[in-house]
Novice: 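Following this message is one structure expressed as structure tokens.
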Amino acid sequence: MRTDKWFYELFLSQPGMLAELIPGIDPDWAFVYSAPVVKEKEFRLDGLFLPVTAKPGIPIVFAEAQMQADERFYGRYFAQLFVYLYQYNVDCDWRGLLILRSRGQGLGSELPYQDLLEQRVTRLYLSDLKDKVDLSPNLMLLQLLTTEKLQSMQLGQTLLKTAETEAEFDRRLSLIETILTNKYPDLTQKMIMEILDLKQTDITRSRFYQEIMTKGLQEGRQEGRQEEAANLVIRQLKRRFGELSESQSEKIRCLSVRQLEDLGEALLDFAAVADLDGFLAQVD
């Protein structure tokens with residue numbers, strides 16, 4: 001606008017004007033004026049929750065999880081947030097959710113964004129959950145990200161035993177297995193089952209058993225796809241005990257679909273790979 005230059009000249013010639021217009025500005029503070037070019041950068045939002053309905057008062061939620069130190073994190077988070085609001089011409093309220101490892105994580109200066117962080121953004125520090133008790137199931141799942149193996153075992157067992165529906169049991173089991181596998185890469189499937197006490201929790205309720213083992217083996221019997229049924233059983237055995245010997249794999253592939261069904265049920269009670277050898281010996 002042609003009036004821009006006039007406004008800026010007015011501010012520069014009257015140093016006290018900023019102090020009169022902006023609370024907290026001291027008349028003695030000196031400023032240097034410039035008009036820098038702000039280049040647009042491509043951002044990819046970590047998580048955006050949009051309301052299903054257009055009901056007034058329901059905000060958009062900008063969520064992000066950050067586990068590493070990053071001195072430019074806050075600047076990047078708010079930059080991508082406001083670029084989104086501008087580009088998509090958003091006309092509703094918004095809130096922020098940051099899931100962070102710990103306080104003092106090293107995410108850059110908070111000062112330029114202090115009001116936004118205090119009034120619009122919720123920061124959840126996982127380290128604050130570590131020793132808390134009587135948490136909701138949702139917070140217990142987040143707490144699982146911070147605990148050592150013993151406490152992880154107790155939390156996992158509690159989460160599975162308190163699941164009120166089969167669907168909720170399946171969801172929790174899948175999340176717990178994913179968290180434990182990523183936290184402790186050395187854990188085998190057998191170890192995870194032992195940690196979660198799945199024999200007592202009834203693993204036959206799990207989505208893996210019901211939808212893959214049962215359905216897959218039934219399809220194998222109905223359509224004569226013995227090879228597919230054998231592959232399903234071998235994959236499950238590898239998840240529990242690691243790689244099988246060539247001899248073991250060959251014997252399994254020679255089983256009938258009926259025998260593979262029996263093995264699929266029996267392997268849930270196997271404590272060691274020797275139990276597999278015993279089963280195969282009985283079949284022979």
Side-chain angles (χ1 to χ4, degrees), residues 1-129 136 138-139 141-143 145-146 175 179 182:
M1 294 177 62
R2 286 182 294 179
T3 55
D4 288 352
K5 185 176 179 181
W6 181 86
F7 276 118
Y8 298 142
E9 289 180 354
L10 176 63
F11 280 100
L12 291 172
S13 63
Q14 304 293 324
M17 185 169 288
L18 283 178
E20 291 186 38
L21 298 178
I22 303 176
I25 297 293
D26 192 296
D28 295 330
W29 292 348
F31 295 89
V32 176
Y33 166 76
S34 65
V37 174
V38 178
K39 295 182 179 180
E40 185 176 347
K41 181 179 179 180
E42 180 177 286
F43 294 104
R44 181 174 295 277
L45 298 176
D46 202 9
L48 179 67
F49 293 88
L50 294 171
V52 176
T53 65
K55 184 178 179 180
I58 303 179
I60 291 176
V61 178
F62 296 87
E64 186 153 345
Q66 180 69 22
M67 298 296 109
Q68 306 300 323
D70 182 353
E71 291 298 329
R72 303 194 68 181
F73 172 76
Y74 286 126
R76 184 180 71 256
Y77 173 74
F78 286 108
Q80 63 192 21
L81 187 158
F82 283 108
V83 166
Y84 178 88
L85 294 177
Y86 170 71
Q87 288 190 351
Y88 289 86
N89 196 27
V90 175
D91 187 25
C92 67
D93 198 6
W94 67 269
R95 291 292 186 272
L97 172 63
L98 297 178
I99 300 176
L100 308 173
R101 187 187 71 235
S102 62
R103 300 175 188 273
Q105 187 173 325
L107 300 177
S109 175
E110 300 180 12
L111 191 58
Y113 321 104
Q114 188 170 341
D115 290 344
L116 292 171
L117 289 169
E118 292 177 353
Q119 299 175 26
R120 285 187 172 270
V121 177
T122 296
R123 287 179 284 183
L124 172 66
Y125 298 99
L126 295 179
S127 59
D128 292 350
L129 299 177
S136 69
N138 287 332
L139 291 180
L141 283 166
L142 291 174
Q143 187 182 34
L145 295 168
T146 70
L175 288 169
I179 291 171
N182 282 276

Novice: Could you walk me through whether Leu145 and Met67 satisfy the side-chain contact (heavy atoms from CB on, under 4.5 Å) test, starting with their C-alpha distance in whole Å, then the side-chain angles of each, then the deciding distance to 0.1 Å, before giving a yes or no?
Specialist: CA-CA 11 Å; Leu145 295 168; Met67 298 296 109; over 6 Å; no

Novice: Between Leu116 and Phe82, is there a side-chain heavy-atom distance shorter than 4.5 Å?
Specialist: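 Yes, at least one pair of side-chain atoms sits under 4.5 Å.
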
Novice: Does Arg120 reach the main-chain N or O of Trp94 with its side chain, forming a donor-acceptor pair under 3.5 Å?
Specialist: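 Looks like yes, one N/O pair under 3.5 Å.
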
Novice: Distance from Arg123 atom CZ to Ile99 atom CD1, nearest 0.5 Å?
Specialist: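 Reported value, rounded in 0.5 Å steps: 14.0 Å.
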
Novice: Under the ring-ring contact (aromatic ring centres under 6.0 Å, His included) definition, can you give me all pairs with a residue in residues 53-73, not counting sequence neighbours?
Specialist: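 Every ring-ring contact (aromatic ring centres under 6.0 Å, His included) pair that includes a residue of residues 53-73, provided the two are not neighbours, is Phe62-Tyr84.
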
Novice: Quick check: closest heavy atoms across Pro112 and Ser109, and the distance to 0.1 Å?
Specialist: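 Closest heavy-atom pair between Pro112 and Ser109: CD-OG, 3.4 Å.
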
Novice: List the steps, then state whether side-chain contact (heavy atoms from CB on, under 4.5 Å) holds for Val121 with Phe78.
Specialist: CA-CA 10 Å; Val121 177; Phe78 286 108; 4.0 Å; yes

Novice: In Å and rounded to the nearest 0.5 Å, what is the CG to OG1 distance from Leu129 to Thr146?
Specialist: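 Rounded to the nearest 0.5 Å, the CG-OG1 separation comes out at 6.5 Å.
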
Novice: Taking Gln66 for the side chain and Leu107 for the main chain, is one N or O donor matched with an acceptor at less than 3.5 Å?
Specialist: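 No: the side chain of Gln66 does not pair with the backbone of Leu107.
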
Novice: Under 6.0 Å from the CG atom of Asp26, do we count more than 12 heavy atoms belonging to anything else shown?
Specialist: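 Atom CG in Asp26 is crowded, with more than 12 foreign heavy atoms closer than 6.0 Å.
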
Novice: OH of Tyr88 to CG of Leu48: how many Å apart, nearest 0.5 Å?
Specialist: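 One finds 9.0 Å between OH of Tyr88 and CG of Leu48.
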
Novice: I need the Leu142 CG to Asp128 CG distance, nearest 0.5 Å.
Specialist: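 These two atoms lie 12.5 Å from each other.
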
Novice: Can you tell me if Gln80 uses its side chain to pair, donor with acceptor, with the backbone of Leu45 under 3.5 Å?
Specialist: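 Between the backbone of Leu45 and the side chain of Gln80 there is no qualifying donor-acceptor contact (under 3.5 Å).
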
Novice: For Tyr74 and Leu98: C-alpha separation, side-chain torsions, deciding distance, then whether side-chain contact (heavy atoms from CB on, under 4.5 Å) applies.
Specialist: CA-CA 10 Å; Tyr74 286 126; Leu98 297 178; 3.9 Å; yes

Novice: Kindly say whether Gln68 contributes a backbone atom to a donor-acceptor pair with the side chain of Gln105 at under 3.5 angstrom?
Specialist: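 Yes; at least one donor-acceptor contact below 3.5 Å.
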
Novice: Should Pro51 and Ile60 count as side-chain neighbours, where that means a heavy-atom distance under 4.5 Å?
Specialist: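 A side-chain contact exists here, since the closest heavy-atom pair is under 4.5 Å.
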
Novice: I would like to know whether Arg95 and Asp93 meet side-chain contact (heavy atoms from CB on, under 4.5 Å); could you show each step before the answer?
Specialist: CA-CA 7 Å; Arg95 291 292 186 272; Asp93 198 6; 2.8 Å; yes

